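Keep in mind that the numbers below use all heavy atoms, side chains included, and drop hydrogens, waters and symmetry copies. Below, chains carry the letters A, B, ... as their sequence lines are ordered, and counting in each starts from 1. Remember, predicted model here, so these are calculated numbers, not experimental data.
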2 protein chains.
Amino acid sequence: MDIQLKRGLLDVCVLAAIKNEDSYGYRIIKDLRPYVVLSESTLYTILKRLEAASMLTVRTAEHEGRLRKYYHITAAGLRRIEDFRNEWKEVISIYQFVTKEEGHA
Amino acid sequence: MDIQLKRGLLDVCVLAAIKNEDSYGYRIIKDLRPYVVLSESTLYTILKRLEAASMLTVRTAEHEGRLRKYYHITAAGLRRIEDFRNEWKEVISIYQFVTKEEGHA
DNA sequence: CACAATACTTCGTGATACGATGTATTACGC
DNA sequence: GCGTAATACATCGTATCACGAAGTATTGTG
């Protein structure tokens, strides 16, 4: 999909991916794949950004001898999703403006 | 609205604003105001970009002693709007993923 | 023992929205 | 007739950000 359109969606996608259960990088990418494809470099950049914005917290844990970083959503992260939902009305009105067929003459 | 979310919408908004009738900078901004607010510097950057991508053509005309640049959408510009419409299914599926309430426990 | 899959990291680049600022002209109030 | 707003277009610099490329290290698997 169009990279610019993606930009406004990726952050909330990642937050949504850890909303119900803590998760880690590799799994987030797989879970999101049906909806959006993102590379590792993109994901880890986003995770750092969201952590800096206190929208998630990180915890390192060992899993079968390998270290994993588990990400946990915070109240601010949940609020971010809520803000996104609230903005959706505007997005829909823009979509309708862009796609309306008034000049079919 | 969130600037990142805006990014994927602005180009098509501008194209939609000239879809049915040629228009010029100042008027495009006013016409779009109910849907998205954008500054002049942003608009003219977008217009240049869309012209470079052959999605619109420019014609300079005098209007009451003042020069105006009128923008006219091309077939490629119309196709761009069509592509946007086709991508919307993906956007909706992302929106549903992000906002679904499965973990209300 | 090579190769894929898992897991995380860093670096550089190109795209782009926006504020600040500038240039002109017309219109309006006083 | 003079300032101020509105109209109209333009340029510059900056911050944000998705991504490819490349790297490190471990665990299977043939």
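Contact check, B/Tyr26 against D/dA6: no side-chain N or O comes under 4.0 Å of OP1 or OP2. A sub-4.0 Å separation between OP1 or OP2 of D/dC17 and a side-chain N or O of A/Arg49 is present. The phosphate of D/dC9 (OP1 or OP2) has no side-chain N or O of B/Lys48 nearer than 4.0 angstrom. For the OP1/OP2 pair of D/dC9 and a distance below 4.0 Å, the side-chain nitrogens and oxygens of B/Tyr44 include at least one atom meeting the criterion. Dashed line: the shortest gap from a side-chain N or O of B/Gln4 to OP1 or OP2 of D/dC17 is under 4.0 Å. Contact between the side-chain N/O atoms of A/Lys6 and the OP1/OP2 oxygens of D/dC19 is found at a separation under 4.0 Å. For C/dC8, the OP1/OP2 oxygens have no side-chain nitrogen or oxygen of A/Tyr24 closer than 4.0 Å.
Here B/Asp11 does not pair with B/Arg80 in a salt bridge; the nearest charged N to carboxylate O distance is not below 4.0 Å. At a threshold of 4.0 Å, the pair A/Arg85-B/Glu101 counts as salt-bridged, since one of the basic side-chain nitrogens sits closer than that to a carboxylate oxygen. Here A/Asp83 does not pair with A/Arg79 in a salt bridge; the nearest charged N to carboxylate O distance is not below 4.0 Å. Between B/Glu51 and B/Lys48 there is no salt bridge, since no side-chain N of the basic residue sits under 4.0 Å from a carboxylate O of the acidic one. Using a 4.0 Å cut-off between charged side-chain N and carboxylate O, A/Lys6 and B/Glu90 make no salt bridge.
Whole-Å rounding puts the A/Lys30 NZ to C/dT6 C1' distance at 8 Å. Atom CG in A/Leu10 sits about 17 Å away from atom P in D/dT16, given to the nearest Å. Atom CD1 in A/Ile46 sits about 15 Å away from atom P in C/dC8, given to the nearest Å. Rounded to a whole Å, the CG atom of A/Leu67 is 13 Å from the P atom of D/dA25. Here C/dA17 presents its C1' atom at 11 Å from CG of B/Asp11, a figure rounded to the nearest Å. The CZ-C1' distance, from A/Arg33 to C/dA5, rounds to 12 Å in whole Å. Per the geometry, CG belonging to A/Leu43 stands 12 Å off C1' belonging to C/dT9, to the nearest Å. In this structure, CD of A/Glu40 is placed 12 Å from C1' of D/dG20, rounded to the nearest angstrom.
For a distance-only test at 3.5 Å, the side chain of A/Ser41 qualifies as a donor-acceptor partner of the base of D/dG20. Side-chain atoms of A/Arg66 stay outside donor-acceptor range of the base of D/dT27, with no qualifying N/O pair under 3.5 Å.
Toward the 5' end of DNA chain C, the nearer of the two residues A/His63 and B/Val37, judged by each one's closest nucleotide, is A/His63. Projected onto DNA chain C by closest heavy-atom contact, B/Ile3 and A/Tyr70 fall at different nucleotides, the more 5' of which corresponds to A/Tyr70.
Looking at the side chain of B/Ser39, the nearest of the listed nucleotides C/dG19, D/dT7, D/dA18 is C/dG19.
Residue B/Arg68 is classed as a sugar-phosphate contact, given heavy-atom separations below 4.0 Å to backbone atoms only.
Classification of the B/Phe84-A/Tyr95 ring pair by plane angle, with boundaries at 30° and 60°, yields tilted.
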